[in-house]
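Okay, structure first, notes after.
The figures here come from the full heavy-atom set of this structure, side chains too, leaving out hydrogens, waters and symmetry mates. Sequence lines set the chain letters: A, B, ... in the order given, protein chains first and strands last, and positions in each chain run from 1. All values reported here derive from a predicted model rather than from experimental measurement.
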Amino acid sequence: MQWTNDISEAVRIQNEIAEAVRLTPLISEPETVAGMDVAFTDTEAVCAVVVMRYKDLEIIEEGILKDSLLFPYIPGYLSFREGPLMKKALECLNTKPDILLIDGQGIAHPRGAGIATHIGVLTGLPSVGCAKSKLVGEYEEPCPERGCWSKLLYEGRTVGAAVRTRTEVKPVFVSPGHLVTLDDAIRVVLHCSTKYRLPEPIRRADHLSRRFKNLL
DNA sequence: GCGACAG
DNA sequence: ATCTTGTCGC
């Protein structure tokens with residue numbers, strides 16, 4: 001019972017996920033990293049996962065999965081809309097990624113269970129949330145150079161960071177998902193963000209899901 | 001009531 | 001998220 005279409009049940013599940021989260025340091029530098037994203041049409045959703053070699057970001061494997069929509073987009077409950085697809089897409093891979101980079105929040109969530117955390121706990125894989133905008137928390141504008149970042153605070157706790165992946169470009173919101181620390185999360189996101197605002201794995205997954213969707 | 005609000 | 005042309009700037 002990891003998924004549901006009932007809000008009160010969803011809250012219960014998120015609280016369980018939040019209790020299971022472990023923000024322990026990454027053992028060693030990952031060998032592979034997988035980026036995930038979902039694109040939509042009126043009635044269907046397409047999830048893409050792109051696995052890359054961590055060292056040089058060369059693509060190792062790509063996966064795509066289409067399904068119908070069962071849950072609407074409600075702020076705070078994104079995982080119940082996109083999570084089921086991501087879970088299935090991961091199960092189709094031949095490669096087992098060392099870490100997941102997901103388009104959304106990790107613990108920077110009302111109940112500490114954003115989609116990156118949800119998927120991380122369910123799969124038992126290290127995961128990092130990297131969103132284009134924030135869901136909760138307050139932060140100060142980080143300095144303009146790439147690599148600069150500032151804490152994202154929520155209810156007196158540091159739940160993530162506003163990270164500048166490109167000089168003079170709007171920051172992305174990074175938060176640990178599962179089995180990583182905030183520093184790990186920031187380091188991984190910066191490592192994967194070379195010439196664009198978003199980390200390469202997520203960018204490629206975004207392109208792939210979008211291309212596929214436009215063929216439906 | 002008003003503002004905020006991942007994708 | 002998605003619908004969309006041109007346009008400013010490196």
Side-chain angles (χ1 to χ4, degrees), chain A residues 3 5 7 10-11 13-14 17-18 21 35-49 64-89 100-122 127-139 144-146 152-155 159-178 182 185-186 189 194-199 201-216:
Chain A
W3 309 120
N5 46 17
I7 292 293
V11 169
I13 293 174
Q14 292 185 324
I17 294 292
V21 184
M36 310 192 77
D37 193 30
V38 184
F40 304 87
T41 63
D42 296 308
T43 59
E44 297 181 296
V46 174
C47 174
V49 50
I64 199 83
L65 188 135
K66 176 178 74 67
D67 209 337
S68 52
L69 295 177
L70 297 175
F71 201 84
Y73 167 66
I74 301 173
Y77 301 89
L78 177 66
S79 55
F80 295 94
R81 178 177 171 79
E82 307 187 353
L85 292 149
M86 290 189 179
K87 186 72 167 30
K88 290 180 190 172
L100 267 29
L101 258 178
I102 295 174
D103 193 352
Q105 312 294 338
I107 63 167
H109 175 278
R111 288 166 293 286
I115 190 165
T117 292
H118 201 135
I119 297 299
V121 169
L122 254 44
S127 64
V128 170
C130 181
K132 297 179 288 299
S133 60
K134 76 176 181 71
L135 173 60
V136 296
E138 311 81 45
Y139 69 100
E145 290 75 36
R146 167 189 154 80
L152 176 62
L153 305 169
Y154 181 58
E155 295 181 335
V159 297
V163 182
R164 198 83 72 180
T165 52
R166 286 204 65 187
T167 297
E168 302 287 70
V169 171
K170 188 195 304 180
V172 291
F173 296 82
V174 178
S175 56
H178 187 49
L182 174 57
I186 294 173
V189 165
T194 53
K195 41 196 305 196
Y196 299 96
R197 178 163 87 120
L198 297 180
I202 290 183
R203 266 191 79 248
R204 303 304 293 258
D206 183 88
H207 290 168
L208 184 56
S209 62
R210 187 169 269 158
R211 269 166 36 203
F212 198 93
K213 177 211 63 174
N214 289 326
L215 297 179
L216 294 177

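- The CD1-P distance, from A:Ile102 to B:dA6, rounds to 17 Å in whole Å.
- If you take CD of A:Glu82 and C1' of C:dT2, they are 13 Å apart, rounded to a whole angstrom.
- Side-chain contact between A:Pro110 and A:Val136: present, with at least one pair of heavy atoms (C-beta onward) separated by less than 4.5 Å.
- A:Ala39 comes within contact range of the sugar-phosphate backbone alone, with a heavy-atom separation under 4.0 Å but no base atom that close.
- The pair A:Glu44-A:Lys66 meets the salt-bridge criterion, with a side-chain N (NZ, NE, NH1 or NH2) lying under 4.0 Å from an Asp/Glu carboxylate O.
- With B:dG7, C:dA1, C:dC3 as the choices, the nucleotide that has an atom nearest any side-chain atom of A:Lys213 turns out to be C:dC3.
- When distances are taken from the side chain of A:His109 to each of C:dT2, B:dG7, B:dA6, the shortest belongs to B:dA6.
- At the heavy-atom level, A:Gly129 lies nowhere under 4.0 Å from the strands shown.
- C:dA1 has no base stacking with the ring of A:Phe40 when judged by centroids under 5.5 angstrom apart and an interplanar angle below 30°.
- Residue A:Arg210 places at least one side-chain N or O under 4.0 Å from the OP1 or OP2 atom of C:dT2.
- The shortest non-hydrogen separation linking A:Gly83 to A:Ile119 is O-CD1, 3.7 Å.
- Distance CD1 (A:Ile202) to P (B:dA6): 16 Å, rounded to an integer number of Å.
- In this structure, A:Tyr139 and A:Phe173 have perpendicular ring planes: the angle between them is above 60°, well past the 30° mark.
- Of the candidate nucleotides C:dT2, B:dG7, B:dC5, B:dG7 has the atom lying nearest to any side-chain atom of A:Asp103.
- Checking the phosphate oxygens (OP1, OP2) of B:dC5, no side-chain nitrogen or oxygen of A:Ser133 falls inside 4.0 Å.
- Distance OH (A:Tyr139) to P (B:dA4): 13 Å, rounded to an integer number of Å.
- Atom-to-atom, CD1 of A:Ile107 to P of B:dA6 comes out at 18 Å; the value is rounded to the nearest Å.
- In this entry the distance linking CZ of A:Arg197 with P of C:dC10 reads 20 Å, nearest Å.
- A:Phe173 places its CZ atom 11 Å from the P atom of B:dA6, with the value rounded to the nearest Å.
- Looking at heavy-atom distances under 4.0 Å, A:Phe80 makes no contact with the nucleic acid at all.
- A:Arg210 has no carboxylate O lying under 4.0 Å from a charged side-chain N of A:Asp37, or vice versa, which leaves the two without a salt bridge.
- The CD1-P distance, from A:Ile115 to B:dG7, rounds to 11 Å in whole Å.
- Side-chain N/O atoms of A:Lys132 include one lying less than 4.0 angstrom from OP1 or OP2 on C:dA1.
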